[in-house]
Asker: 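Okay, handing you the structure first.
Every chain is numbered from 1, with letters handed out A, B, ... down the list of sequences. Side chains included, hydrogens not; waters and symmetry mates left out as well; all remaining heavy atoms used.
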Amino acid sequence: MSCRKLRDGARGCSQYNIYREEGNCSHFSSSDFSTSLELEGFSVSDTSGTEEDTDSAVLYGTLRGSVVGLRYYTGIVNNNEMVALQREPNNPYDKNAVKVNNVNGDQVGHIKKELAAALAGIMDNKLALIEGVVPYGAKNAFTMPVQMSFWGREENKEAVLDQLKRHGFKLAPPLKGSECDFASKWISGRAGPSYSAPVHAAVQLTPEQLKSEFDKLFEDLKEDDKTCELEGAEAVATLLLPHQKQALAWMVSRENSNDLPPFWEERSNFYYNTLTNFAEKKRPKNVLGGILADDMGLGKTLTTIALILTNFQDGKPLPVQKIPSDKFYEESGTNSMNSVGRRLCKDSNNMMDPGVSNIKKLETAPLKYSSCLPKSDAAKKPRYSGSSDLGKSEDLLLQQTKTTSFVIQDPGFASVLLPPSTSLKRRTKRKGTTSIQSVEKKYSGDDPRTTLIVCPVSVLSNWIDQFEQHIHQDFHVNIYIYYGSDRSRDPSFLSEQDIVLTTYNILATDYGMKGDSPLHKVTWLRIVLDEGHTIRNPNAQQTKAALNLDGHRRWVITGTPIQNSVKDLWSLISFLKLKPFTDREWWHRTIQRPVTMGAPGGLGRLQSLIRSITLRRTKTSKIKGKPVLDLPARKVLIQYVTLTEEERQIYQSVKKEGKAAISRFFSEGTVLAHYADILGVLLRLRQLCCHPRLCINTSSSSFTADSKTPEELHEILVSKMKLVLSSGSDEECAVCLESLTLPVITRCAHVFCRPCIFEVIRSEQRNAKCPLCRSELRAEHLVECPLEGEIDSSNEKKSDQEWISSSKINALMHALIELRRDEPTAKCLVVSQFTTFLSLIENPLKESGFTFTRLDGSMAQKKRVEAIQCFQSSQAGSPTVMLLSLKAGGVGLNLTAASRVFLMDPAWNPAAEDQCFDRCHRLGQQHNVVITKFIVKDSVEENMLKIQNKKRELAAGAFATNKPSASEIKQTKIKEIKALIDL
DNA sequence: ACCGCCGGGTGCC
DNA sequence: ACCGCCGGGTGCC
C-alpha cells in the first residue's frame, strides 16, 4: 500500500507532471491527487504547448552540481542512475528549493541552494527541462554529485544561459557521451568509448526512415514464442482458429506470468532497471496483460471473451455453472436468487444506440432471447474441454441456474429495479481447498472475479452480439451493461458480475463526479480497454479515468496501436502500469526522446518493449507459412450507368440551381456557414442519380437563419443537423476528428460531438468560438439531435404513388437476373445509403420473383436477427437478395452467405464502403466476392469516386503524418465541394 | 585582543 | 564531515 502512495507521489514529482497537473497553481502539493483533479481545467489548455516543447527540445549543455541533505531522506540511488529534479516552491527555508528524487519517486536530497537559486527561475518559467544523473558517489553519506542536462527550445537557450550566468554558472557544451545519458550507455555498451553522441534530432535516421521503422515496429512479433496454442474453455461456444488459440495462449501466459517486466534484471538480491539504473529490493510487478493489436477481423473480441472464460485463476476457467437446457427452462423466471441477472426494462424504442435497444428487448424476454440462437445451431457448435485439466472443475460451479444474462438500463426509462442480491453464494477456491462462503460486500475484496470491459459506444452492441455468439448458452455468465442513467451505483453489485461492460464516456463521466465512481471502487479481476487507442491523449478525462481503475490484469485491445508517433504509446504503457514508465519523465527520457531523436538503440528499446507486451498479426501475417486469414479473392467492378434523357434533365436543372447557390456562397465567403445547405444540394444530386423520386419534397432549407423566432431557429438547426447526419457524408467532428458521437449543432450550423464542443466551451470559458468558423459559441445555444432512431431525410410514405423505375434500378435488375440465370444459388447484397431507395427496389424484385430480405438501421433487433438468419440460411427457397442500408449493423455483422455486392450509390467515405464489403468478405466466406458499384456517368457520383481515391491515398500514407488541423480540414472540405459540383 | 589561533560543536533546503 | 563554518575560549617565548 505504502508503495502505491510513493508511486503516486512520484507521478507528481517529475517536471512533466508539474507542468501538466499544476499549471499556474504550483503552490498546490503535487502529490495530492484530488488537488490535481481540481486543476484539470487549467491543465488542459496549459499542456499542449509543453508537449510540443519536449518534442522539439535541443540539448543546451550540461552542468555538474551537488545534491545535499542526503541523510535526511530515504531515497537511494546507484551510480549512473537517473534522478528527477522537482521544484519545491513552498519549502519554508528556501523558496528556490529543488528536490532530487530517484526513479521510484523517493526523495534523495536537495540541490545545493546556490545552484537551486539559479535553477528555480528556469524551471518555473519552463525555459528548460533539467534532467539529472548521479555519475558517482551515490553511496555518499552527505552529498553527491549530479550531472544535469538542460533541454529546451532553441529560442529559450539564451535566456537559460543568461540566467545561469547571473548566478555564476556556465554550461559545458554537450559533447562527450556522458552528457547524453541515453546515448552514452548505448554507445558504450556496444563498442568501447564514444566520441560524440547525437545531440540534435534525426542524426541517425531521417523522419522518413523513422516512419518506416514505426511501420515495422509491430510486424513480425509473432514468430518467437507466441505460437503456442490453447483451446478455449468449455463455455466458449465457438471453435477458435489457430491464430486465435495462439492469442489465447499468449494472453493466458501473460496473465499467469512470473516474469520480470521488460528492462528489469535480478542482480544479487536486487531488481535492477537497465534503462534508469534504478534498483530496489522489492520485485517490480509485471504487467499481467498487454496489448492485443491484431488487425480488424482477426477476432480480438472473441479472443478476449475466450480469455475471460478460460483464465479465471492460474489457468482455471471462470467458474460458471453449466446447466442442462431442459432444467434451464424449468427454473428460469422462478429463481429469484439470481434476479441480479434480470433487470427488466419496459421498452426500448428510445435508446440512443440502436444496437443496445435491441438487446434490451432480449432482456424483457430472456427465454425468447436464448432461443434467438436456434437450438440446432448451438448443438452444431463443437464442444471441447480446455487444455489438460481445465474446464472440468465441477466443484467450482456457481450455485446459479441461468444462462448468459444481460442487465441493461438505459436513459429515460423506469426500470424495474430489484435490490442487488446479497444472498448470492458462491464457492470459492482458496489454498487448494473449496469452501462455500457468503460473498462479502467488499467490492471484490481480495478475490476479484469481475472483468471490466471499456469500449466506445459504437462497439457496445458489437460486444453484446459477440457475447451472445461466443458464450455457450448452457453456461451462466453474469454480464452487466453499465450504461444509461439507471445504471447500478452499487460497487458490490458490480463486483459480483462476471463481466461488466461500459463505455469510455460513462467511465469518464463517473470519474468526473468526485469520489462517486462505482467503477473506481471495485478491484477488478481484469480490465480490458477495447479500441484502446482512444485513450492516447494523456490529458483526456477518459484516459485519466482509465488509468485510475484498479485491477492487476490490464489489457489494451486495438487495431491501431500507434496512430501518429511514439507519443501515442505512453498512455497505453502507463495504463499497463509498467514500471517505471507510468511516470512520463522516465518514458520520455528512456524511450520517447531517444526514439524521436534517432539515438542509437532508441528504436531497439522501443521494439523490445513492444515485443514483450504486444501481440499483433495482420491479415497477411502467416502461421507456419500459411496466412492467418485465407480469404477468397475480392474484386470491385464499376458499372457505369447513363441517365435517361428525362432523368438527365431533372438532374441538370437541380445541379444548375445548386451550383448557382454554392457559387454565391463562395463569392460571399460563406461556404462554411452554409455547409449543411451545400451538403443538401449534393445530397439531392446523389439521390437523383438513384431515382428521381428520392428527392421530391426535400425541402430546400432556407439559406438564411436571421430574424427567426427561437422555435423556428431550433427547427432549422435540427433539420440541418439531420441533413448533415443523413447525407451519408460521414461527417467527422472537427475537434476529435473522429465520427460524431452524440452530435450537437451550433447556432452557426456546425456539428460536433457533444463532449468535444463542451470541452471547448469549458476551456475557453466566456470567449469560446466555433472551431470551424469562429462564431460565438454558447452552451445554451447548442441543439441536440432528437432521438428518433434512424434518421432519414428522404420522406417515406410514397407508396401510394405509381411505381416507376430508374436507370440505376434497371441496371441492377439486369445484373440480378443475369446472375440468377448463371448462378441460381448465389446470394447478393444490394446496398444503398438511402433506405427509401431500397424500398423502391423492392417493387421490381417482387415483380421478377426474387426472394429477398432486408436489413436497415431502423429495424428492431429481433427482426434484424431474423433477417440475418434467414439470409444466411442455405436452405432452398431462402432469400437470394438482401437489401442492406450501408451503415446497418456494427462491425460484427456477418453476411458471409453473400458472394456478390451491388453498391447502388457511392459513399462519401471509402472506409464506410470497405466496412460494408467486409461484412461478407470475412472469415467464413467460401466464394470469391465480386462487388459492383453503380456509378452514373457525368454526375456527382463520378466526382465522388475521384475524391474517394484521394482519401484512400491519404489514408494509406497517413501512418506517421500528423493529424490535420481544423483549418486543414476546412480547406479539404472546400476543395471537395468544388470538385463535387465542378466549380 | 576592536586581533589570530585553537579546538569543539555542528551540519540541506 | 578525514570537510568548512561558527563562535567561544584564549593570549609571549
Asker: Cut-off 3.5 Å, side chains only: do A:Tyr73 and A:Asp106 have a donor facing an acceptor?
Answerer: no
Asker: Is there a donor-acceptor contact under 3.5 Å linking the side chains of A:Asn101 and A:Gln86?
Answerer: yes
Asker: Would you list the protein and nucleotides 4-6 of chain C atom pairs, both N or O, that sit under 3.5 Å from each other?
Answerer:
none

Asker: Please examine the side chains of A:Pro89 and A:Lys95, heavy atoms only from C-beta on, and report whether any two atoms are closer than 4.5 Å.
Answerer: no
Asker: Sticking with atom P, work out how far C:dG8 lies from C:dC13, rounded to a whole angstrom.
Answerer: 25 Å
Asker: Under the side chain to side chain donor-acceptor pair (under 3.5 Å) rule, collect the residues that match up with A:Tyr271, sequence neighbours excluded.
Answerer: none
Asker: Any donor-acceptor pair under 3.5 Å linking the side-chain atoms of A:Glu88 with those of A:His110?
Answerer: yes
Asker: Please give the distance between the C1' atoms of C:dG11 and B:dG4 as a whole number of Å.
Answerer: 9 Å
Asker: Between protein and nucleic acid, restricted to nucleotides 9-13 of chain B and to nitrogen or oxygen atoms under 3.5 Å apart, what atom pairs and distances do you find?
Answerer:
unit_1	atom_1	unit_2	atom_2	d
B:dC12	OP2	A:Tyr72	OH	2.3
B:dC12	O2	A:His110	ND1	2.8
B:dC12	N3	A:Tyr73	OH	2.9
B:dC13	OP1	A:Lys113	N	3.2
B:dC13	OP2	A:Lys113	NZ	3.4
B:dC13	O3'	A:Asp94	OD2	2.5
B:dC13	O2	A:Asn91	ND2	3.1

Asker: Watson-Crick or G-U wobble partner for C:dC12, using a 3.5 Å limit on both distances?
Answerer: none
Asker: With a 4.0 Å cut-off, would you call A:Arg593 and A:Glu585 a salt bridge?
Answerer: no
Asker: Tell me whether A:Glu158 is salt-bridged to A:Lys165, with the criterion being a basic N under 4.0 Å from an acidic carboxylate O.
Answerer: no
Asker: Using a strict cut-off of less than 4.0 Å between a Lys/Arg side-chain nitrogen and an Asp/Glu carboxylate oxygen, indicate whether A:Asp162 and A:Lys157 qualify as a salt bridge.
Answerer: no
Asker: Taking C:dC5 as the reference, what is the distance to C:dG9 when you measure between their P atoms (whole Å, please)?
Answerer: 22 Å
